[in-house]
Amino acid sequence: SSEKDAVSTAYAATTKIWFTASHGILNEIYYPTIDRPQTRDMELLFTDEETFFHEDKRDIVYDFHYIDENALAIRVNGHDVGGRYFVTKEFITDPHHAVVLMNVKITGDEAVLSRLKCYALLAPHLDGGGAGNSARSVDIAGHRCLLAWKNDFSLAMGADCGFTRSSCGFVGASDGYTDLAEHLRMTWNFGKALNGNVAIMGEIDVARNRHFTIAIGLGRGNHSALSNMMQSLSIPFIQHRTRFIEEWHRALAPAALAAASSDNGRLMRVSHAVILAHEDKIYSGAFIASASIPWGASKSDDDLGGYHLVWTRDMIQSASSLLACGRTETALRALVYLACTQHPDGGFSQNFWIDGTPYWSGIQLDEVAFPIILAWRLWKLDALGGFDIVPFVTRAASFLVRYAPVTQQERWEENAGYSPSTLAPVISSLICAADIAQAEFPELSVFLEDYADWIEAHLDEWTTTTAGV
């Protein structure tokens with residue numbers, strides 16, 4: 001899904017796990033890079049085993065909050081439509097391990113709670129796909145847990161109170177959701193489900209456990225995932241949460257911008273943290289467009305793309321916004337990363353995975369132009385350190401001269417031709433490149449300015465009409 005309420009990760013670069021949330025539940029969990037989703041979603045299911053069955057994302061009315069205005073710790077308050085029971089969930093990642101933590105507190109009518117069963121249902125999509133996943137129930141140090149695996153990746157899910165029962169099934173046939181929807185109670189206890197589109201489910205006895213923490217650990221191999229999960233559960237959630245928030249307080253948004261806002265900087269602080277969260281922690285400086293997968297409900301494993309890829313256009317937007325917040329080192333990391341993914345001819349792939357592997361192959365001139373503008377801004381701020389931008393900029397400018405003014409695709413990635421939204425950054429970037437090249441290559445500088453002027457002189461001719469379309 002691309003309809004998100006939140007994306008979150010620990011601020012520490014050592015914690016290589018991210019999660020997204022919407023409709024009151026967990027969506028994709030990304031590991032070990034921010035372009036690698038490992039789950040589809042995880043939600044809670046509720047039943048009194050006699051009269052009702054409630055699904056978290058469809059039957060629970062919820063609202064969404066940030067626990068701290070400077071951190072990406074999330075709280076969701078929900079209740080069933082009848083107001084018989086209330087569910088408070090808090091989401092964070094472990095500040096030290098590749099684990100997503102969900103702390104749950106259930107209150108309400110005692111007559112309902114004494115009969116209420118809660119189930120944690122998770123759909124593993126390990127290594128980016130739903131097919132070929134396997135899962136089984138395991139016992140670790142007396143705790144019933146669930147383990148899923150595919151290729152090099154493994155996922156472990158457990159609760160600090162332990163699951164009283166668990167089951168592994170195939171989605172739509174033998175999974176826990178199908179069981180509860182048909183029977184209002186857990187009647188299937190399948191110990192494993194191998195090589196398919198699977199879902200795993202663990203039972204919480206609410207009569208005994210009104211407050212509990214669920215951990216979802218990722219790792220390369222079963223032992224790594226299980227160890228990460230158990231290490232997290234061995235420490236009280238409140239300690240994890242305190243450390244999580246403290247770490248984010250090391251990356252405060254600029255107070256000067258808050259004074260200029262109409263909400264005392266609330267939106268600015270959240271936006272600042274969310275953009276920071278989109279930087280990868282292995283490939284330093286790499287920002288994906290968005291931790292979301294549009295039309296994900298209808299995508300197959302043959303179409304693994306989404307917005308969780310690098311588009312240079314979106315990446316420069318992120319880096320420029322952080323540069324406006326005074327984070328020159330972050331913007332420089334982004335520029336250096338792009339220099340490492342630039343093609344020998346000066347261009348860039350339309351979009352690409354974090355490791356530089358192209359996904360789509362179209363040519364969009366604004367995606368070549370925007371990196372030049374970022375380089376110029378950093379140059380003007382004397383924030384380039386020891387990075388020589390001249391080869392990077394001149395190659396990109398050369399590409400623009402060879403291809404402009406006609407772009408193969410405009411910014412909506414559909415139409416070729418003369419695009420105002422493309423030509424504007426092309427003109428600006430050529431002027432920036434001319435400024436950068438002036439000291440070493442004065443003739444090139446003059447040529448780039450002249451070419452930019454030529455494009456600008458034809459804008460009305462190319463991009464306006466009196467006939468309409």
Side-chain angles (χ1 to χ4, degrees), residues 287 289-290 307 309-324 331 334-335 338-339 341-352 358-381 389-438 441-469:
F287 287 80
S290 172
Y307 293 151
L309 291 142
V310 176
W311 272 265
T312 63
R313 173 178 51 249
D314 298 74
M315 183 166 160
I316 297 302
Q317 300 273 7
S318 297
S320 298
S321 66
L322 293 173
L323 185 62
L335 185 66
L338 287 177
T341 57
Q342 186 181 40
H343 297 171
D345 65 359
F348 294 90
S349 299
Q350 178 181 352
N351 56 16
F352 46 95
Y359 187 67
W360 288 339
S361 58
I363 296 175
Q364 299 177 13
L365 296 185
D366 61 340
E367 294 207 286
V368 182
F370 280 120
I372 297 175
I373 297 172
L374 177 63
W376 181 84
R377 285 174 169 166
L378 286 165
W379 176 58
K380 285 298 185 181
L381 290 172
I389 61 170
V390 173
F392 171 77
V393 167
T394 55
R395 288 173 186 167
S398 174
F399 185 94
L400 292 174
V401 169
R402 291 197 303 274
Y403 283 88
V406 175
T407 185
Q408 185 187 90
Q409 293 179 338
E410 38 66 77
R411 70 176 305 276
W412 296 114
E413 305 178 303
E414 295 174 349
N415 299 312
Y418 299 102
S419 165
S421 68
T422 298
L423 291 173
V426 166
I427 294 169
S428 300
S429 66
L430 289 173
I431 296 299
C432 290
D435 195 15
I436 292 168
Q438 187 172 32
F441 305 105
E443 291 184 1
L444 174 62
S445 176
V446 172
F447 171 77
L448 292 175
E449 284 190 2
D450 288 345
Y451 199 78
D453 289 343
W454 176 76
I455 295 175
E456 194 276 334
H458 290 82
L459 281 179
D460 285 347
E461 175 188 347
W462 292 336
T463 63
T464 62
T465 176
T466 58
V469 176

Over all atoms of both residues, closest heavy-atom pair of [X] and [Y]:
{"X": "V368", "Y": "G347", "answer": "CG2-CA, 4.1 Å"}
{"X": "P425", "Y": "I373", "answer": "O-CD1, 4.0 Å"}
{"X": "M315", "Y": "A334", "answer": "CE-O, 3.4 Å"}
{"X": "S445", "Y": "A437", "answer": "CB-C, 4.3 Å"}
{"X": "A331", "Y": "L374", "answer": "O-CD2, 4.0 Å"}

Within-4.5 Å side-chain heavy-atom neighbours: [X] and [Y]:
{"X": "T463", "Y": "L423", "result": "yes"}
{"X": "I455", "Y": "W462", "result": "yes"}
{"X": "F441", "Y": "V390", "result": "yes"}
{"X": "L459", "Y": "Y418", "result": "no"}
{"X": "E413", "Y": "R313", "result": "yes"}
{"X": "W360", "Y": "L309", "result": "no"}
{"X": "I363", "Y": "F399", "result": "yes"}
{"X": "H343", "Y": "S349", "result": "yes"}

To the nearest 0.5 Å, how far apart are [atom1] in [X] and [atom2] in [Y]?
{"X": "F447", "Y": "L444", "atom1": "CZ", "atom2": "CG", "value": "8.0 Å"}
{"X": "E367", "Y": "D314", "atom1": "CD", "atom2": "CG", "value": "7.0 Å"}
{"X": "L335", "Y": "I372", "atom1": "CG", "atom2": "CD1", "value": "10.5 Å"}
{"X": "L400", "Y": "L448", "atom1": "CG", "atom2": "CG", "value": "9.0 Å"}
{"X": "Y307", "Y": "N351", "atom1": "OH", "atom2": "CG", "value": "11.0 Å"}
{"X": "Y403", "Y": "L365", "atom1": "OH", "atom2": "CG", "value": "9.0 Å"}

With a 3.5 Å distance limit and no angle check, can you tell me whether [X] reaches the backbone of [Y] through a side-chain donor-acceptor pair?
{"X": "Y451", "Y": "L430", "value": "no"}
{"X": "S428", "Y": "A424", "value": "yes"}
{"X": "R402", "Y": "D345", "value": "yes"}
{"X": "S320", "Y": "Q317", "value": "no"}

- [ ] Go through T341 and V310 one step at a time and tell me if the side-chain contact (heavy atoms from CB on, under 4.5 Å) criterion holds.
- [x] CA-CA 10 Å; T341 57; V310 176; over 6 Å; no

Open item on the list: Applying side-chain contact (heavy atoms from CB on, under 4.5 Å), can you list everything that pairs with S419, at least two apart in sequence or on another chain?
Closed with: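 For S419, the residues satisfying side-chain contact (heavy atoms from CB on, under 4.5 Å) (neighbours in sequence not counted) are T407, E410, S421, T422.
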
Task: CA sep, side-chain torsions, deciding dist, call: D435, Q438, side-chain contact (heavy atoms from CB on, under 4.5 Å) - done: CA-CA 5 Å; D435 195 15; Q438 187 172 32; 4.1 Å; yes

Open item on the list: As a quick check of understanding, evaluate side-chain hydrogen bond (donor to acceptor under 3.5 Å, both in side chains) for Q342 and R395, giving each step before the final call.
Closed with: CA-CA 9 Å; Q342 186 181 40; R395 288 173 186 167; 4.7 Å; no

Open item on the list: In this structure, is the centre-to-centre distance between the rings of W311 and W412 below 6.0 Å?
Closed with: no

Open item on the list: Determine whether T312 and F370 satisfy the following criterion, side-chain contact (heavy atoms from CB on, under 4.5 Å), listing intermediate values before the conclusion.
Closed with: CA-CA 7 Å; T312 63; F370 280 120; 5.8 Å; no

